[in-house]
Amino acid sequence: MKKERDILRGIRLFCILAAGAFLLPACEKTVVNDKDRVVVQPESAERLSDFEYQQVAESESGYYFWERFTPSQFYPRLMFMDKESGRTVPLCSKPDCSHVGKECNAYFPEMEWGENGFSKDYLQYYEGSLYSVGLTEDSYAAIFCIKADGSEWEISTKLYRTDYGSSGHWRTPEILINGGYVYFIDNKQDHMKLERIPLGGGLAETVFEVESDAVYVQVYRMEANAGDLFFQVFIIMNDGNSLTNGDLYRYHMASRQCSLIKEGIFSPYSVQDGFVYYGSSEGLCRYSIKDDVIQVLNDRSLDVPNITLTKDYIVLCRQMSDNILTLYDYEGNELATVPNMLGLHWYFGGNADKLFGECTDEVGLKLCYLDLTRPLDELQWEELKAE
């Protein structure tokens, strides 16, 4: 599964470089921690976070994430980090649990042929529950619903049948839950399309599909904002494998209509207050959807960065080189840089308080975080681990 994710990243990087130039809704909850367990009660308000990859799910009280494989932790667990205390614990409601092995509530089965299992490459918090993706016993890619305290789980929504039973091939689909629907992209198709299906099951419908003689279509980078779903499209045509411009589309969920917003955006982007922020060969750009005007905020050449918009900062990550983060204000002025002292391997994004990523060392992979509430000159990556 990790190998498949790396392959997909490589395809995306090829698309970006060949062209010359990469939200997560969550609902509130209350968490009370004691020595042995986590008790979760859902609330009603909605919270939006900006994660490039849905590896970390956020609620008002904390963050959920899948633990990484390590030599000492063979079974990756579902973890919870409390915002107020900073305490990180396995998401287990069993009293006196050792949190080791399959008996712990924080453990969820891995994917195996003929069984229900989690891929542990995706996580989202939505209306009081956690949602992950995996494979059903009858070889469907599916959404699994997990109670917020981790005590129970069930199959929520079957998306499409895979060939996993015959080929053993699996690639986690891109998924975003919003407005009672699961929006998804089957990444293993050469001619991708964006589909949606009611959360809980029902008939899938096509949201966007390219009608052309293209040999390859990639639909990717979904982001929800103010009742709209944004996504990018990349196409290779038959005539000498020529590339089209990167196209940014908007799907208006209420009217169920798609419209082309901007051509020529291959890089990461993020949307806020009617503006699209993205990187190009010109630098850090801000595009007004209403006025169809581009403003270059900073003309510094960008190294295919990841973009995160927090309340106070525009955050860029030099994802394809040294993984150093740079923080800008909304006028494009550089405020601070965060050196990669912890071996940041892949940057996920974050919100107004914390950013997340995947780090690596001689032991293996681990999650790390950056606390944006600290003074700018004290920012540094820290390992995200259980007590």
Side-chain angles (χ1 to χ4, degrees), residues 5 8-9 12-13 16 22-26 46-60 62-66 68 79 81 83 121-126 131 172 174-178 183 220-225 229-232 248 265 267-273 275-279 284 302-328 330 335-338 340 342 344-359 365-374 379-384:
R5 190 174 60 184
L8 181 57
R9 290 171 180 168
R12 289 179 174 172
L13 175 57
I16 295 168
F22 188 61
L23 250 190
L24 182 70
E46 184 179 25
R47 184 175 184 84
L48 299 177
S49 301
D50 191 357
F51 291 105
E52 178 66 30
Y53 296 100
Q54 291 164 325
Q55 301 278 340
V56 180
E58 183 204 5
S59 75
E60 183 62 27
Y63 303 93
Y64 300 86
F65 61 93
W66 292 112
R68 271 31 186 178
M79 310 294 290
M81 179 184 187
K83 285 184 179 180
D121 280 336
Y122 159 86
L123 196 63
Q124 182 172 344
Y125 190 87
Y126 182 77
Y131 291 88
T172 302
E174 289 199 42
I175 293 170
L176 183 67
I177 301 173
N178 193 277
Y183 293 84
Y220 57 114
R221 294 196 194 114
M222 290 185 288
E223 177 177 312
N225 183 273
L229 182 73
F230 294 85
F231 58 95
Q232 288 172 288
L248 178 65
I265 300 181
S267 69
Y269 74 94
S270 195
V271 181
Q272 182 172 280
D273 298 330
F275 291 93
V276 180
Y277 295 81
Y278 66 98
L284 173 60
L302 302 178
D303 182 19
V304 195
N306 250 327
I307 292 183
T308 302
L309 304 179
T310 74
K311 178 182 177 182
D312 300 313
Y313 308 119
I314 302 172
V315 184
L316 307 181
C317 178
R318 299 206 290 259
Q319 184 70 78
M320 304 305 172
S321 58
D322 55 14
N323 284 309
I324 290 178
L325 259 66
T326 306
L327 279 66
Y328 297 83
Y330 278 86
L335 301 177
T337 59
V338 182
N340 183 13
L342 201 62
L344 182 67
H345 170 68
W346 205 257
Y347 172 64
F348 295 154
N351 62 6
D353 297 321
K354 288 184 173 59
L355 306 178
F356 295 87
E358 187 176 76
C359 298
L365 297 174
K366 56 189 177 183
L367 285 178
C368 50
Y369 71 98
L370 187 73
D371 188 350
L372 291 179
T373 64
R374 293 187 176 184
L379 292 178
Q380 61 180 336
W381 288 101
E382 301 176 64
E383 184 177 354
L384 185 59

Practice task
Would you indicate whether the side-chain heavy atoms of D312 and L335 approach each other to under 4.5 Å?
Solution key: no
Handout entry: Partners passing ring-ring contact (aromatic ring centres under 6.0 Å, His included) against F230 (at least two apart in sequence or in another chain)
Key = none
Exercise for the section: Side-chain contact test, heavy atoms from C-beta onward, threshold under 4.5 Å: evaluate it for L123 versus V56 and give yes or no. Expected result: no
Problem - Inter-residue atom distance D322.CG - L344.CG, 0.5 Å rounding - result: 10.0 Å
Exercise for the section: Return yes if some donor-acceptor pair links the side-chain N/O of S267 with the main-chain N/O of G279 below 3.5 Å, else return no. Expected result: yes
Exercise for the section: Mind listing the closest non-hydrogen atom pair of I307 and Y278 along with its distance? Expected result: CD1-CA, 3.3 Å
Exercise for the section: Go through the structure and list residues passing side-chain hydrogen bond (donor to acceptor under 3.5 Å, both in side chains) with D371, not counting sequence neighbours. Expected result: T373
Fill in the blank from the handout: d(N323 CG, L342 CG) to nearest 0.5 Å is 11.5 Å
Exercise for the section: Just jot down the ring-ring contact (aromatic ring centres under 6.0 Å, His included) partners of Y369, sequence neighbours excluded, or say none. Expected result: none
Problem - Sub-4.5 Å side-chain heavy-atom contact between I314 and Y330 - result: yes
Handout entry: Residues that N340 engages under side-chain hydrogen bond (donor to acceptor under 3.5 Å, both in side chains), provided they are two or more places apart
Key = none
Fill in the blank from the handout: Those residues at least two apart in sequence (or on a different chain) that pass side-chain hydrogen bond (donor to acceptor under 3.5 Å, both in side chains) with Y183 are R196
Exercise for the section: Look at the side chain of Q232 and the backbone N and O of I265, then say whether any donor-acceptor pair between them is shorter than 3.5 Å. Expected result: yes
Handout entry: Value rounded to 0.5 Å, distance of CD in Q380 from CG in L325
Key = 13.5 Å
Exercise for the section: To the nearest 0.5 Å, tell me how far M81 CE sits from L367 CG. Expected result: 11.0 Å
Completion exercise
To the nearest 0.5 Å, atom CD1 of I324 lies from atom CG of L316 at 13.0 Å
Exercise for the section: Taking the side chain as every heavy atom from C-beta outward, state whether L384 and C368 have any atom pair closer than 4.5 Å. Expected result: no
Practice task
Please report the closest heavy-atom contact between L355 and T310, naming both atoms and the distance.
Solution key: CD2-CG2, 4.5 Å
Handout entry: Pair Y64 + Y125: ring centers closer than 6.0 Å
Key = yes
Practice task
Would you mind reporting whether K83 and Y63 have side-chain heavy atoms less than 4.5 Å apart?
Solution key: yes
Exercise for the section: Measure the OH-CD distance between Y277 and Q272 for me, rounded to the nearest 0.5 Å. Expected result: 6.0 Å
Practice task
Specify the closest pair of heavy atoms between Y269 and M222, including all atoms of both residues, with the distance to one decimal.
Solution key: OH-C, 4.2 Å
Practice task
Look only at the side chain of E383 and the backbone of K366, and say whether a donor-acceptor pair between them is shorter than 3.5 Å.
Solution key: no
Problem - Any donor-acceptor N/O pair, E223 side chain to V271 backbone, under 3.5 Å - result: yes
Practice task
Under the side-chain contact (heavy atoms from CB on, under 4.5 Å) rule, what do L176 and L229 come out as? Steps first, then yes or no, please.
Solution key: CA-CA 9 Å; L176 183 67; L229 182 73; 3.4 Å; yes
Exercise for the section: Start with the C-alpha distance between Y347 and V315, add both sets of side-chain angles, then the distance that settles side-chain contact (heavy atoms from CB on, under 4.5 Å), and finish with yes or no. Expected result: CA-CA 11 Å; Y347 172 64; V315 184; 3.8 Å; yes
